[in-house]
Amino acid sequence: MTYEFTPKGVCSRKMTIEIEGDTVKSLSVLGGCNGNLKGISSLVKGMKIDEIIERLDGIDCGGKGTSCPAQLAVALKEYKARQ
């Protein structure tokens, strides 16, 4: 299943997450810090949703109160709530 999410309070503008069961198969992010987000996308590939949420939830970027990784956790929590 493909899940699309619009992050809030960060530089990235759209996250497209390919999910199979309880595992993230791929992540594509539009906007944001290109190298860092490619790295995050590579790291979360094959990870369980709950583990990603646990590791990334609450990460702050520059005092914004959120970050692109934290917004990925928000997206995955939202996805789980809709299942």
Side-chain angles (χ1 to χ4, degrees):
M1 162 184 219
T2 301
Y3 187 72
E4 293 188 350
F5 177 77
T6 303
K8 294 170 184 61
V10 295
C11 300
S12 60
R13 297 183 305 275
K14 180 179 176 184
M15 295 182 176
T16 304
I17 311 161
E18 185 68 34
I19 300 169
E20 186 175 294
D22 65 347
T23 303
V24 170
K25 292 298 181 184
S26 68
L27 168 66
S28 175
V29 183
L30 178 65
C33 302
N34 189 40
N36 289 334
L37 291 168
K38 282 182 181 175
I40 291 167
S41 297
S42 180
L43 289 170
V44 301
K45 184 177 180 181
M47 283 181 67
K48 302 287 185 197
I49 290 171
D50 288 338
E51 184 176 1
I52 296 168
I53 292 169
E54 181 180 325
R55 289 178 181 224
L56 302 182
D57 194 30
I59 292 175
D60 182 67
C61 177
K64 295 178 185 176
T66 192
S67 65
C68 291
Q71 286 296 294
L72 175 57
V74 169
L76 292 172
K77 287 192 266 186
E78 186 178 282
Y79 167 79
K80 284 182 63 172
R82 294 181 179 192
Q83 298 305 301

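Not measured: the values here are computed from a predicted model.
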How long is the gap from CG on Leu76 to CD on Glu78, to the nearest 0.5 Å? 10.0 Å

List for me each residue that meets ring-ring contact (aromatic ring centres under 6.0 Å, His included) alongside Phe5, sequence neighbours excluded, and say none if there are none. none

Closest non-hydrogen atoms of Ile53 and Ala73, given as atom of the first, atom of the second and distance, are CG1-O, 4.0 Å

Can you confirm whether Gln83 is buried at CD, in the sense that more than 12 heavy atoms of other residues, nucleotides or ligands lie under 6.0 Å from that atom? yes

Side chain to side chain contact (heavy atoms under 4.5 Å, CB included) between Val74 and Lys8, intermediate numbers included: CA-CA 10 Å; Val74 169; Lys8 294 170 184 61; over 6 Å; no

Side chain to side chain contact (heavy atoms under 4.5 Å, CB included) assessment of Ile49 paired with Tyr79: CA-CA 10 Å; Ile49 290 171; Tyr79 167 79; 3.7 Å; yes

Heavy-atom pair of closest approach, residues Pro7 and Val10: CB-CG2, 3.5 Å

Please set out all donor-acceptor pairs under 3.5 angstrom arising from side-chain atoms of residues 19-40, sequence neighbours excluded.
{"unit_1": "Asp22", "atom_1": "OD1", "unit_2": "Lys48", "atom_2": "NZ", "d": "3.2"}
{"unit_1": "Thr23", "atom_1": "OG1", "unit_2": "Lys48", "atom_2": "NZ", "d": "3.4"}

Assigning hydrophobic clusters by single linkage (Ile, Leu, Val, Met, Phe, Trp, Tyr; side-chain heavy-atom cutoff under 4.5 Å), is Ile59 placed with Val44? yes

Distance check, rounded to the nearest 0.5 Å: Met47 atom CE versus Leu56 atom CG? 7.0 Å

Hey, mind stepping through Lys64 and Cys11 against side chain to side chain contact (heavy atoms under 4.5 Å, CB included) and telling me if it holds? CA-CA 11 Å; Lys64 295 178 185 176; Cys11 300; 3.7 Å; yes

Rounded to the nearest 0.5 Å, what's the gap from NZ on Lys77 to CG on Asp50? Could you check? 11.0 Å

